[in-house]
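For reference, the structure is listed below as C-alpha coordinates.
All ligand and atom numbering here is 1-based and tracks the order in the structure. Because the structure is a prediction, the values reported are computed rather than measured.
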Amino acid sequence: MKRMEEMILAKGKVLPGGVLKVGSFLNQQIDTDLLREIGDEVARLYAGAGVTKVLTVEASGISMATAVGMALRVPVVFAKKHKTSNVDGEVYQARVHSFTHNIDYDMLVSRDYLLAEDRVLIVDDFLAVGAALTGMRELVEQAGAECVGAAIAIEKSFQGSSDKMRAEGFRIESMAVIESMDENGIRFRE
Ligand code: 5GP
(Lines give C-alpha, C1' and ligand atoms only; values in the text may rest on other atoms or scores of the structure.)
Protein backbone atom coordinates (compact mmCIF):
# COMPACT_ATOMS: atom_id res chain seq x y z
CA MET A 1 0.00 0.00 0.00
CA LYS A 2 1.66 3.14 -1.30
CA ARG A 3 0.44 5.41 1.47
CA MET A 4 1.86 3.17 4.19
CA GLU A 5 5.28 3.20 2.54
CA GLU A 6 5.15 6.98 2.24
CA MET A 7 4.25 7.36 5.91
CA ILE A 8 7.08 5.04 6.98
CA LEU A 9 9.58 7.01 4.90
CA ALA A 10 8.28 10.39 6.10
CA LYS A 11 7.70 9.62 9.79
CA GLY A 12 9.24 6.27 10.76
CA LYS A 13 12.46 6.12 12.76
CA VAL A 14 14.89 3.25 12.47
CA LEU A 15 16.19 2.28 15.93
CA PRO A 16 19.14 0.03 16.69
CA GLY A 17 18.31 -3.70 16.80
CA GLY A 18 16.01 -3.73 13.79
CA VAL A 19 13.16 -1.83 15.43
CA LEU A 20 11.09 0.71 13.50
CA LYS A 21 9.42 3.43 15.55
CA VAL A 22 6.04 4.46 14.16
CA GLY A 23 4.58 6.10 17.23
CA SER A 24 3.55 9.25 15.37
CA PHE A 25 1.05 7.55 13.04
CA LEU A 26 0.44 3.91 14.03
CA ASN A 27 1.44 2.96 17.57
CA GLN A 28 0.80 5.82 19.95
CA GLN A 29 -0.74 8.58 17.85
CA ILE A 30 -2.93 7.01 15.19
CA ASP A 31 -3.51 8.55 11.76
CA THR A 32 -7.19 7.76 11.34
CA ASP A 33 -7.25 8.35 7.56
CA LEU A 34 -4.44 5.86 7.18
CA LEU A 35 -6.21 3.44 9.52
CA ARG A 36 -9.42 3.65 7.49
CA GLU A 37 -7.47 3.01 4.30
CA ILE A 38 -5.79 -0.04 5.88
CA GLY A 39 -9.17 -1.42 6.98
CA ASP A 40 -10.62 -1.02 3.47
CA GLU A 41 -7.56 -2.53 1.79
CA VAL A 42 -7.52 -5.60 4.05
CA ALA A 43 -11.28 -6.05 3.57
CA ARG A 44 -10.76 -5.89 -0.21
CA LEU A 45 -7.93 -8.45 -0.08
CA TYR A 46 -9.88 -10.88 2.12
CA ALA A 47 -13.31 -10.37 0.54
CA GLY A 48 -14.60 -13.82 -0.29
CA ALA A 49 -12.48 -15.56 2.34
CA GLY A 50 -15.56 -15.96 4.55
CA VAL A 51 -13.95 -14.28 7.57
CA THR A 52 -16.19 -14.48 10.65
CA LYS A 53 -13.78 -13.02 13.20
CA VAL A 54 -10.68 -10.86 13.41
CA LEU A 55 -8.10 -11.81 16.05
CA THR A 56 -5.26 -9.66 17.36
CA VAL A 57 -3.24 -9.26 20.55
CA GLU A 58 -3.26 -6.28 22.88
CA ALA A 59 -2.34 -3.49 22.74
CA SER A 60 -0.83 -2.29 19.50
CA GLY A 61 -2.83 -4.59 17.23
CA ILE A 62 -6.24 -3.45 18.44
CA SER A 63 -6.66 -0.27 16.39
CA MET A 64 -5.86 -1.94 13.07
CA ALA A 65 -7.91 -5.02 13.96
CA THR A 66 -10.90 -2.80 14.75
CA ALA A 67 -10.57 -0.96 11.43
CA VAL A 68 -10.45 -4.31 9.62
CA GLY A 69 -13.36 -5.73 11.63
CA MET A 70 -15.46 -2.66 10.85
CA ALA A 71 -14.68 -2.89 7.13
CA LEU A 72 -15.45 -6.64 7.05
CA ARG A 73 -18.39 -6.19 9.45
CA VAL A 74 -17.25 -8.96 11.78
CA PRO A 75 -16.40 -9.00 15.50
CA VAL A 76 -12.87 -8.32 16.71
CA VAL A 77 -11.29 -10.42 19.47
CA PHE A 78 -8.04 -9.50 21.13
CA ALA A 79 -5.84 -11.83 23.13
CA LYS A 80 -4.83 -10.51 26.52
CA LYS A 81 -1.29 -10.61 27.79
CA HIS A 82 -2.27 -10.96 31.45
CA LYS A 83 -4.93 -12.98 33.17
CA THR A 84 -7.18 -10.31 34.67
CA SER A 85 -10.57 -10.61 36.31
CA ASN A 86 -12.12 -9.82 32.89
CA VAL A 87 -10.72 -13.09 31.55
CA ASP A 88 -12.93 -15.50 33.43
CA GLY A 89 -13.61 -19.16 32.87
CA GLU A 90 -11.76 -21.39 30.43
CA VAL A 91 -9.16 -19.87 28.13
CA TYR A 92 -7.03 -20.74 25.16
CA GLN A 93 -3.44 -19.90 25.97
CA ALA A 94 -0.08 -19.68 24.13
CA ARG A 95 3.39 -18.76 25.37
CA VAL A 96 5.15 -16.10 23.28
CA HIS A 97 8.54 -14.41 23.28
CA SER A 98 8.32 -10.64 22.73
CA PHE A 99 10.89 -9.37 20.26
CA THR A 100 10.57 -5.71 21.28
CA HIS A 101 10.61 -6.26 25.05
CA ASN A 102 12.73 -9.43 25.19
CA ILE A 103 10.41 -11.21 27.63
CA ASP A 104 8.14 -14.26 27.53
CA TYR A 105 4.43 -13.80 28.10
CA ASP A 106 1.19 -15.78 27.79
CA MET A 107 -1.53 -14.69 25.40
CA LEU A 108 -5.03 -15.65 26.49
CA VAL A 109 -8.45 -15.66 24.88
CA SER A 110 -11.66 -16.72 26.55
CA ARG A 111 -13.06 -19.87 24.96
CA ASP A 112 -16.36 -18.02 24.54
CA TYR A 113 -14.91 -15.77 21.82
CA LEU A 114 -13.23 -18.23 19.45
CA LEU A 115 -15.49 -20.99 18.21
CA ALA A 116 -14.80 -24.11 16.19
CA GLU A 117 -16.96 -22.80 13.33
CA ASP A 118 -15.05 -19.50 13.08
CA ARG A 119 -12.94 -18.49 10.08
CA VAL A 120 -10.35 -16.24 11.66
CA LEU A 121 -8.25 -13.47 10.13
CA ILE A 122 -5.25 -12.58 12.31
CA VAL A 123 -4.26 -8.91 12.31
CA ASP A 124 -1.19 -7.25 13.81
CA ASP A 125 0.75 -4.03 13.46
CA PHE A 126 4.16 -5.68 12.92
CA LEU A 127 5.45 -9.03 11.78
CA ALA A 128 9.05 -9.43 12.91
CA VAL A 129 10.31 -12.85 14.00
CA GLY A 130 6.75 -14.18 13.90
CA ALA A 131 6.32 -15.16 17.55
CA ALA A 132 3.11 -13.16 18.07
CA LEU A 133 1.59 -14.50 14.86
CA THR A 134 2.57 -18.07 15.73
CA GLY A 135 1.01 -17.66 19.19
CA MET A 136 -2.25 -16.41 17.69
CA ARG A 137 -2.28 -19.27 15.18
CA GLU A 138 -1.94 -21.64 18.14
CA LEU A 139 -4.98 -20.04 19.83
CA VAL A 140 -7.04 -20.51 16.65
CA GLU A 141 -5.89 -24.11 16.42
CA GLN A 142 -6.79 -24.76 20.07
CA ALA A 143 -10.30 -23.48 19.30
CA GLY A 144 -10.57 -25.90 16.38
CA ALA A 145 -11.29 -22.89 14.15
CA GLU A 146 -9.87 -22.17 10.70
CA CYS A 147 -7.25 -19.47 10.17
CA VAL A 148 -7.72 -17.90 6.72
CA GLY A 149 -4.50 -15.89 6.94
CA ALA A 150 -2.96 -12.76 8.39
CA ALA A 151 -3.03 -9.05 7.64
CA ILE A 152 -0.08 -7.03 8.86
CA ALA A 153 0.55 -3.29 8.75
CA ILE A 154 4.36 -3.53 8.55
CA GLU A 155 6.21 -6.73 7.75
CA LYS A 156 9.96 -6.83 8.31
CA SER A 157 10.79 -9.64 5.90
CA PHE A 158 14.50 -9.42 6.74
CA GLN A 159 13.70 -10.98 10.13
CA GLY A 160 13.03 -14.22 8.39
CA SER A 161 9.70 -15.68 9.48
CA SER A 162 7.17 -14.28 7.02
CA ASP A 163 8.40 -15.83 3.77
CA LYS A 164 8.94 -19.14 5.56
CA MET A 165 5.27 -19.14 6.62
CA ARG A 166 4.20 -18.18 3.08
CA ALA A 167 6.27 -21.04 1.68
CA GLU A 168 4.34 -23.36 4.00
CA GLY A 169 1.10 -22.14 2.41
CA PHE A 170 -0.01 -19.61 5.02
CA ARG A 171 -1.47 -16.42 3.51
CA ILE A 172 0.05 -13.14 4.74
CA GLU A 173 -0.99 -9.76 3.31
CA SER A 174 1.12 -6.83 4.48
CA MET A 175 0.50 -3.15 3.85
CA ALA A 176 4.25 -2.58 3.61
CA VAL A 177 7.07 -5.11 3.40
CA ILE A 178 10.47 -3.85 4.54
CA GLU A 179 13.30 -5.86 3.00
CA SER A 180 16.07 -3.94 4.68
CA MET A 181 16.51 -0.92 6.90
CA ASP A 182 19.40 0.86 8.57
CA GLU A 183 20.65 4.38 9.22
CA ASN A 184 21.08 4.83 5.45
CA GLY A 185 17.47 4.13 4.59
CA ILE A 186 14.56 1.74 4.23
CA ARG A 187 14.02 -0.55 1.24
CA PHE A 188 10.57 -1.94 0.45
CA ARG A 189 9.67 -5.06 -1.48
CA GLU A 190 8.50 -4.15 -5.00
P1 5GP B 1 7.19 -10.79 16.39
O2 5GP B 1 6.53 -11.69 17.37
O3 5GP B 1 6.77 -11.03 14.95
O4 5GP B 1 8.70 -10.79 16.53
O5 5GP B 1 6.79 -9.32 16.76
C6 5GP B 1 5.49 -8.91 16.70
C7 5GP B 1 5.17 -7.88 17.75
O8 5GP B 1 6.33 -7.16 18.21
C9 5GP B 1 4.24 -6.86 17.16
O10 5GP B 1 2.97 -7.12 17.68
C11 5GP B 1 4.77 -5.52 17.60
O12 5GP B 1 4.02 -5.07 18.69
C13 5GP B 1 6.18 -5.76 18.06
N14 5GP B 1 7.21 -5.31 17.10
C15 5GP B 1 8.05 -6.10 16.39
N16 5GP B 1 8.89 -5.39 15.65
C17 5GP B 1 8.59 -4.09 15.86
C18 5GP B 1 9.13 -2.85 15.36
O19 5GP B 1 10.07 -2.79 14.56
N20 5GP B 1 8.55 -1.72 15.82
C21 5GP B 1 7.50 -1.72 16.69
N22 5GP B 1 7.01 -0.54 17.05
N23 5GP B 1 6.99 -2.87 17.21
C24 5GP B 1 7.51 -4.04 16.79
Side-chain angles (χ1 to χ4, degrees), residues 1 3-31 34-35 38-39 42 54-69 76-82 92-109 120-142 147 149-168 170-189:
M1 200 176 102
R3 179 109 183 275
M4 178 62 95
E5 295 184 358
E6 288 166 3
M7 290 294 266
I8 292 168
L9 291 177
K11 299 187 170 178
K13 287 197 175 61
V14 179
L15 302 183
V19 173
L20 180 70
K21 196 164 177 258
V22 291
S24 67
F25 63 97
L26 194 67
N27 274 164
Q28 187 166 12
Q29 174 171 258
I30 294 166
D31 183 315
L34 178 71
L35 193 66
I38 293 171
V42 174
V54 169
L55 174 67
T56 191
V57 58
E58 67 176 356
S60 56
I62 295 176
S63 55
M64 175 174 167
T66 305
V68 171
V76 176
V77 176
F78 64 91
K80 297 210 171 216
K81 289 181 180 169
H82 304 283
Y92 300 117
Q93 188 162 340
R95 190 137 191 91
V96 173
H97 181 75
S98 162
F99 164 81
T100 35
H101 300 107
N102 196 25
I103 49 154
D104 290 335
Y105 66 91
D106 289 314
M107 49 170 75
L108 310 132
V109 170
V120 180
L121 173 62
I122 294 174
V123 168
D124 209 356
D125 59 341
F126 275 90
L127 174 53
V129 301
L133 179 51
T134 301
M136 284 188 272
R137 289 178 74 184
E138 273 174 43
L139 298 176
V140 175
E141 200 179 314
Q142 286 172 29
C147 187
I152 305 291
I154 303 172
E155 172 184 333
K156 296 186 293 181
S157 65
F158 61 89
Q159 286 176 313
S161 67
S162 47
D163 287 330
K164 199 160 156 269
M165 286 192 230
R166 283 194 185 95
E168 290 161 3
F170 184 65
R171 183 177 177 190
I172 302 173
E173 301 284 356
S174 300
M175 302 302 101
V177 179
I178 297 178
E179 287 202 327
S180 65
M181 64 179 202
D182 56 27
E183 57 286 359
N184 300 315
I186 297 173
R187 199 164 61 82
F188 296 104
R189 181 168 291 177

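The salt bridge (Lys or Arg N to Asp or Glu O under 4.0 Å) pairs that include a residue from residues 11-25 number zero, where partners must be two or more places apart or lie in different chains.
Side-chain N/O atoms of Asn102 and His97 include a donor and acceptor closer than 3.5 Å.
In this structure a side-chain-to-backbone donor-acceptor pair under 3.5 Å is missing from Ser98 to Ile103.
Salt-bridge formation is detected for the pair Arg187/Glu179: a Lys NZ or Arg NE/NH1/NH2 atom is positioned less than 4.0 Å from an Asp or Glu carboxylate oxygen.
Heavy atoms of other residues, nucleotides or ligands lying less than 6.0 angstrom from CD of Gln28 number 12 at most. Atom CD of Glu141 sits in a sparse spot, with 12 or fewer heavy atoms from other residues, nucleotides or ligands closer than 6.0 Å.
Near ligand 1, residues Gly18, Val19, Leu20, Asn27, Ser60, Phe99, Thr100, Asp124, Asp125, Phe126, Leu127, Ala128, Val129, Gly130, Ala131, Ala132, Lys156 each place a heavy atom inside the 4.0 Å sphere around the ligand atoms.
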